[in-house]
Amino acid sequence: MEFLDRLTDAQTWEQFYRSCELKDFMSVRELRELRRILDAGECRQEITQWLGGQWHFPNASRKIINKLSSGKKRVVYTFEPTQRTILKVLAWHLHEYDRIFTPNLYSFRVNSGVKKAVAYLRNQPRLSLRHVYKVDIHDYFNSVNVDKVLAMLRGVLTEEPKLCSLIEEILTNPCVNDDGKVICEERGIMAGMPISSFLANLYLSGMDRAMHEQGVLYARYADDIIVFADTAEELAERKEFILGTLAEYGLTVNPAKEFTAAPHEPWTFLGVTYCDGVVDVSEASVTKLKGKMKRRARKVYRWKCRNHVADEAAIRVYIDHFNRKFYEADSSSELTWGRWFFPVITRSDSLAVLDRYMVECIRYIATGRYTKANYRLRYEDIKRLGFRSLVHEYYLGSGKESAGEGKEQA
């Protein structure tokens, strides 16, 4: 029986729900919403109607969001809760096909991810002696050629033609809802759609496999690609192969995120920088977070002034926001700093920079200024209000010896 046929049975949905509970895929709020949708039987009803030819998957909604502190816009696509739940269960099922991918692909796979990608590279012999090429694909998800990815999908889902047909219907529908209007556009595999992560893995899996079979030191995380070579000439050949493959698949690179590094020069991948065995948070990641800290501080300060909130109460709100971001996600699928960076970095220099900057932002909330007079709000008082130093939490979690958190650096 095909998976789509099984989705007409409540038991299959209960298996999905239990998996989300046990593997901590969703927050408490998301699980509550999933429970509501499943109890209403909305998903089973729509799948049954689709199988009977009485229902078609509705248009996606187009949404433009701000890209992290870059000032650039990013297009994503969303669906109504019931249809999004159907897409989530399809994404859950598609993980059964993760076996078709090679080990050098680290994105959106069970038991894989950033930690394993960086650990794999760090453990390679003579890594600091190698030449490096790093490239990022521009607007990857929305640039994928739908006809090509569907041909690949048919080769994978040979025993599931119904599932393949449903995905084809979703991808080939050119209509999207945009601010109350229906427009037609090419939008690839639609960034933001739950099954798009599997399709993004699939689309360049041939390039991943070629590198793997040739024994090339290479890693890909969705649109982020890095490759190594022993000589500059060898690296040029691999760069040519990667760029040629991307062009063949209708993809372009982001020149701002493309670079080559010689032996012993630093290189950046997945938000971390490596140089001669040392791994730290990248400068770009630090800049992005500092931008978030500053914008949030201004927002909290304006809220404090407008509503006559006490300084300590406003500071607690600010600190609680970043404590959740750093350490306390509602589910394991959320990429907190503690989960993303702490397991892979080997030094705390960038964390110390961020600690100092966050303390400045906290003092700004109290006074509305960035001056030396702000130091009247003592570091000890800031800690009492809930501030948790990134440096301290990093060493606490790693078991390494700290250089001594608790003394504020001017």
(request) Describe, in one word, how the ring planes of Tyr394 and Phe342 are oriented to each other, choosing from parallel (under 30°), tilted (30 to 60°) and perpendicular (over 60°). (result) perpendicular

(message) Between Glu14 and Arg35 (salt bridge meaning N to carboxylate O under 4.0 Å), is one present in this structure?
(response) yes

(message) Salt bridge check, Arg36 against Glu42: does any charged N sit closer than 4.0 Å to a carboxylate O?
(response) yes

(request) Look at the rings of Tyr364 and Tyr301 and say which category their plane angle falls in: under 30° parallel, 30 to 60° tilted, over 60° perpendicular. (result) tilted

(message) More than 12 heavy atoms of other residues, nucleotides or ligands under 6.0 Å from NZ of Lys299: yes or no?
(response) no

(message) Please determine whether a side-chain nitrogen of the Lys or Arg among Asp230 and Arg126 lies less than 4.0 Å from a carboxylate oxygen of the Asp or Glu.
(response) yes

(message) Test your reading of the model: is there a side-chain donor-acceptor pair from Thr12 to the backbone of Leu7, 3.5 Å cut-off?
(response) no

(request) Quick one: list whatever passes ring pair (Phe, Tyr, Trp, His ring centres under 6.0 Å) with Trp267, sequence neighbours left out. (result) Phe228, Tyr274

(message) Tell me whether the count of non-hydrogen atoms from other residues, nucleotides or ligands lying under 6.0 Å of NE2 in His138 goes above 12.
(response) no

(request) Ignoring hydrogens and angles, tell me if any N or O in the side chain of Arg298 forms a donor-acceptor pair with the backbone of Lys294 under 3.5 Å. (result) no

(message) If you define the side chain from C-beta out and look only at heavy atoms, does anything of Ile170 sit under 4.5 Å from Leu87?
(response) yes

(message) Could you tell me if the side chain of Ile189 sits less than 4.5 Å from the side chain of Asn142, heavy atoms only?
(response) no

(message) Using 30° and 60° as the class boundaries, would you call the ring planes of Tyr140 and Tyr203 parallel, tilted or perpendicular?
(response) tilted

(message) Looking at Asp224 and Lys134, is any side-chain nitrogen of the basic one under 4.0 Å from a carboxylate oxygen of the acidic one?
(response) yes

(request) May I ask you to say whether Arg154 pairs ionically with Glu160, meaning some side-chain N is under 4.0 Å from a carboxylate O? (result) no

(message) Looking at Asp381 and Arg378, is any side-chain nitrogen of the basic one under 4.0 Å from a carboxylate oxygen of the acidic one?
(response) yes

(message) Under 6.0 Å between ring centres: does that hold for Phe57 and Phe79?
(response) yes

(request) Report yes or no: is the cationic atom of Arg220 (NZ for Lys, CZ for Arg) under 6.0 Å from the centre of the six-membered ring of Tyr106, at an angle within 45° of the ring normal? (result) no

(request) Please list all pairs passing the ring-ring contact (aromatic ring centres under 6.0 Å, His included) test where one or both residues lie in residues 161-200, with sequence neighbours left out. (result) Phe101-Phe198

